[in-house]
Amino acid sequence: MLVARATGILKLIGLCVVAGLVVAAIAFPVVGGAGLLSNRASETVDQYSAELAQADPPLLTTITDSKNKPIAYLYDQDRELVDSAGISQNMKAAMVAIEDHRFEEHNGVDWKGTMRAMVKGVLGQRVEGGSSITQQYVKNYLAYVVAKTDIEREKASEVTAARKLREVRIALQLERTLSKDEILTRYLNVVPFGGQIYGIKSASRHYFDKLPKDLTVPEAAYLAGLVNKPSRLGSENPEEAKKRRDHVLKRMADTGALSKDQAQAQELYRKFQEEPLNFALVKRRPNDCVSADNGQTNGYFCDYVVDYLAKHGLNKDKLKRGGYTIQTTLDQGANDAVKAAAEGEVSKNTDGVANAMAVVEPGKDKHRVRALGANRDYGNDKGKNQTSFNLPADVSRFGAGSIFKIFTAAAAMEEGKTGVNRTVNVPNTYTSSIYKNGGKAYTVKNASEGGDTQMTLQSALAHSPNTGFVILEEQAGLDSVVDMSVRMGLRDSMKSVNRGGSKINPEAKDASLRIAQDKWVKDNKVGSFTLGVTVVSVLELANVGATITSGGTWCPPTPIEKVLDRNGKPVDIKEAACEQAIDAGLAGALAQGLSKDTTEGTAAKAARDSGWSRPMIGKTGTTQNHQSAGFVGATPNFSGAVLTFSDSPTPKPICDGAQPRLCPSGNIYGGKVPARTWFEAMKPIHQGQETRQLPQGDGQYM
């Protein structure tokens, strides 16, 4: 008995001590911190209290297509904000009844409950309960808004008297700056409802497929009961969930939330508890690009959007917390057509063969990326042949073959060395006096022997003899040809990566990996550059076509139409300005020079088989060992590029056929899988589009 009495006295002393500390800490923020809280903690409290009155919680970012239809979401917490008017009175009443029925009466702290909890903390017992809604808002804000890591989140939720004291002080300050309704609304916007679902708007959507303003009393009661026990009361535990909901309903009846008339309140309680839960359970929003339609169609485009914005000041961390709405340039119909064509030519399950395509819309003020697709689904499951490497947008590890002859022709024409209708020499074999091959003379042969040894530049672009373009490269100068490739669109392919296609590494032992690819080509006098041996981005190849059909205007291939912040205000994305990359007359002449590939050249069969009839430019390409092949084609409406390449860990040649495959010695060419893919995609993409003529060239370039 004496022991029990002594224990009671100690508890009383503990309560008095805690009460004194609370008063001291509230009245004297620094002095009161000695003992239970440090000065540093006190200063942190002051800082947080100011933030709590202003800062917004993390919100999900929505990425849409060009017609504002969502294609992907990015978030740490699936949350959308809703104002007070958007939350039903039923929801507010249910939350107050179960969490803090004296909410309207106190000044932010339920002193009785708080003291009881703090005494337990002093006595070493677990601290729980006793917090007002204002205090709970403080705790949830520190845990889910301020905290950025799991460690910070645990610290913000630590079960100690110190945490209770911090909550008390901030709660009292908040009640002096915010109304009760503002606090309750903020609380409902912050709290977790299970999984990654935060805030009443996302919870209403997920559990009942409705807006929070439309919640019924039983639905509101369920959500109010879910807040502090989301892991135990989800749809997978219907019996426990209903018990908790009915408990909230009982509290609503007892506290007058259902009706001030107790008899009527009890009658309503009995009526509501008989209602089933009726979960709608809308599928949780996919998070990140891998989850966008399971990566099948839009994953690559989403990934490009995220990467593009990161380069322009909006990194992924900002996107996952910022609540942005990003309207992209994605044409969903075009993207579907690209996916169908790429996979139609090369099955997604084909080992070691990737087939990627990009589509850009030409223009003098903007080059909008309309589609990015591949036969492979975008994802992390290698067992399903998925990949998280952005096949159509990133710089691949293979070249595009003779497509690069475009740059040689452009450079030579610009310097007056040739013209579209002028004759160029195309001997069957040619040994360069300028370029070397490992210290030996650089000798190049045409793909087929016995043909003409002279032809017009237009015919040369259509039939693609190698020798003629090495000769033109010598005449124009390799540096000029390389610079032309950059000017016309290969900005990242030549400037941002090394010759291996990786980020430039100043620490690499291999000197070639320490410098940008364009410098390596120039320094080493790589004469085979015109034959497309260097790594390249499919998207940038498509943008080269857009530069030509835009009258020589280069613009960055943008996936962004507009970005709005959480308040609906435009966010300025400082994209590179468009520029006149080459003279309009030169661009027109080049377009005319490239206009015969699909009528008499290497892509003619694919064009003919598809029934294509529109004016267009085109150029095929194949690398020497048949490990990659490509096709670039463009109209004034759309430009597209396709690259088919070996994505095996140990690349091998590719053989064409009903289903392309890896083989000992390949026979794939740009006029086969790549060209067929282009036409299969571009036919439906161009459907309904006006047939427009190619730009004409100035006489000096013809």
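Note that the coordinates shown come from a computational prediction; the quantities given were computed from them, not determined experimentally. For reference, positions follow the sequence shown, starting with 1. For the numbers below, each heavy atom of this structure counts, side chains included, while hydrogens, waters and symmetry mates do not.
For N390 (side chain) and A393 (main-chain N/O), a donor-acceptor pair under 3.5 Å exists by modelled atom type. The backbone N or O of E343 sits nowhere less than 3.5 Å from a side-chain atom of S347 that would complete a donor-acceptor pair. In this structure a side-chain-to-backbone donor-acceptor pair under 3.5 Å is missing from S528 to L531. Between the side chain of D65 and the backbone N or O of N68 there is at least one donor-acceptor pair closer than 3.5 Å. Judged purely by atom type and a 3.5 angstrom limit, W678 uses its side chain to pair as donor or acceptor with the backbone of G640. Judged by distance alone, the side chain of S550 and the main-chain N or O of A546 form a donor-acceptor pair under 3.5 Å. A donor-acceptor distance shorter than 3.5 angstrom exists from the side chain of Q580 to the backbone of G551, with no hydrogens or angles considered. In this structure, N355 contributes its side chain and A342 its backbone to a donor-acceptor pair below 3.5 Å. Remark: the backbone N or O of Q592 is paired with a side-chain donor or acceptor of S595 at under 3.5 angstrom. Although no hydrogens or angles enter the test, the distance criterion places no donor-acceptor pair under 3.5 Å between the side chain of R397 and the main chain of V536.
Here the shortest heavy-atom pairing between A542 and A641 reads N-CB, 3.5 Å. Contact detail for Q386 and N380: the closest heavy-atom pair is OE1-N, 3.3 Å. Here the shortest heavy-atom pairing between N637 and E361 reads O-CG, 3.5 Å. Shortest non-hydrogen contact noted between P615 and R692 is CG-O, 4.0 Å. Of all non-hydrogen atoms in A358 and L539, the two that sit nearest each other are CB-CA, 3.6 Å. Heavy-atom minimum distance, G666 versus C655: CA-SG, 3.9 Å.
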Output, in order, the C-alpha distance, side-chain angles, deciding distance and verdict of side chain to side chain contact (heavy atoms under 4.5 Å, CB included) for L330 and I71.
CA-CA 9 Å; L330 173 70; I71 61 169; 3.7 Å; yes
Worked verdict on M682 versus M357 for side chain to side chain contact (heavy atoms under 4.5 Å, CB included)
CA-CA 11 Å; M682 285 300 205; M357 182 173 183; 4.2 Å; yes
Does K619 form a side chain to side chain donor-acceptor pair (under 3.5 Å) with S464? I'd like the steps, not just the answer.
CA-CA 9 Å; K619 185 72 192 79; S464 205; 2.9 Å; yes
K311 vs D307, salt bridge (charged side-chain N to carboxylate O under 4.0 Å, His left out): CA-CA, chis, key distance, verdict:
CA-CA 7 Å; K311 293 176 180 177; D307 184 61; 3.4 Å; yes
Please determine whether side chain to side chain contact (heavy atoms under 4.5 Å, CB included) holds for the pair T644 and F398, giving the CA-CA distance in whole Å, both sets of side-chain angles, and the decisive distance to 0.1 Å.
CA-CA 9 Å; T644 308; F398 290 97; over 6 Å; no
Before giving the answer on side chain to side chain donor-acceptor pair (under 3.5 Å), spell out for S202 and D78 the whole-Å C-alpha distance, their side-chain angles and the decisive distance to 0.1 Å.
CA-CA 7 Å; S202 291; D78 182 350; 3.1 Å; yes
Check step by step if side chain to side chain donor-acceptor pair (under 3.5 Å) holds for K405 and S402.
CA-CA 5 Å; K405 292 171 183 174; S402 294; 2.9 Å; yes
Check step by step if side chain to side chain contact (heavy atoms under 4.5 Å, CB included) holds for W554 and V544.
CA-CA 8 Å; W554 173 89; V544 167; over 6 Å; no
For D572 and K562, what are the C-alpha separation, side-chain angles and deciding distance, and is it a salt bridge (charged side-chain N to carboxylate O under 4.0 Å, His left out)?
CA-CA 8 Å; D572 185 23; K562 63 181 177 181; over 6 Å; no
Starting from the C-alpha separation in whole Å, work towards a yes-or-no answer on side chain to side chain donor-acceptor pair (under 3.5 Å) for T61 and K320.
CA-CA 6 Å; T61 283; K320 297 188 83 166; over 6 Å; no
Please evaluate residues E414 and R487 with respect to the criterion salt bridge (charged side-chain N to carboxylate O under 4.0 Å, His left out), reporting the C-alpha separation (whole Å), side-chain torsions for both, the decisive distance (0.1 Å), and the verdict.
CA-CA 13 Å; E414 185 176 64; R487 288 161 56 190; 2.7 Å; yes
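Atom NZ of K652 has 12 or fewer heavy atoms from other residues, nucleotides or ligands within 6.0 Å. When the shell of 6.0 Å around NZ of K519 is examined, it contains 12 or fewer heavy atoms from other residues, nucleotides or ligands. Counting heavy atoms of neighbouring residues, nucleotides and ligands inside a 6.0 Å radius, atom NZ of K605 does not exceed 12 of them. Residue E415 places its CD atom among more than 12 non-hydrogen atoms of other residues, nucleotides or ligands, all under 6.0 Å distant.
Look at R676 and E680 and you find no salt bridge, because none of the NZ, NE, NH1 or NH2 atoms lies under 4.0 Å from a carboxylate O. In this structure, R285 pairs ionically with E80, as a charged nitrogen and a carboxylate oxygen lie closer than 4.0 Å. Under the 4.0 Å criterion applied to side-chain N and carboxylate O atoms, R491 and E579 are assigned as salt-bridge partners.
Distance NZ/K316 to SG/C289: 6.0 Å, rounded to 0.5 Å. To the nearest 0.5 Å, atoms OG (S480) and CD (Q475) are separated by 12.5 Å. Residue R79 holds its CZ atom at 8.5 Å from CZ of R321, rounded to the nearest 0.5 Å. Atom CG of D656 is separated from atom NZ of K672 by 5.0 Å, given to the nearest 0.5 angstrom. Expressed to the nearest 0.5 Å, how far CG of L391 lies from OG of S396 amounts to 9.0 Å. The CZ atom of R368 lies 12.0 Å from the CG atom of D331; values are rounded to the nearest 0.5 Å.
Note on ring orientation: taking the six-membered ring where Trp is involved, the planes of Y308 and Y304 are tilted (angle from 30° to 60°). Using a 30° and 60° split on the angle between ring planes, Y378 and Y300 fall in the perpendicular class, above 60°.
Side-chain N/O atoms of E473 and T408 include no donor and acceptor closer than 3.5 Å. Between the side chains of N349 and K384, no donor N or O sits under 3.5 Å from an acceptor N or O. A side-chain N or O of E540 and one of S493 form a donor-acceptor pair less than 3.5 Å apart. Counting only N and O atoms by type, the side chains of Q327 and S66 include no donor and acceptor under 3.5 Å apart. In this model, no donor atom of one side chain and acceptor atom of the other lie less than 3.5 Å apart for T558 and H367. T325 and R566 share no donor-acceptor pair across their side chains, judged by distance under 3.5 Å alone. Between the side chains of N335 and T297, no donor-acceptor pair of N or O atoms lies under 3.5 Å. Looking at N498 and N505, their side chains never bring a donor and an acceptor atom within 3.5 Å of each other.
Partner of Y324 under the side-chain contact (heavy atoms from CB on, under 4.5 Å) criterion, chosen from T62, L314, L564: L314. For the side-chain contact (heavy atoms from CB on, under 4.5 Å) criterion with V353, the lone passing option out of L662, N375, I668, V673 is L662.
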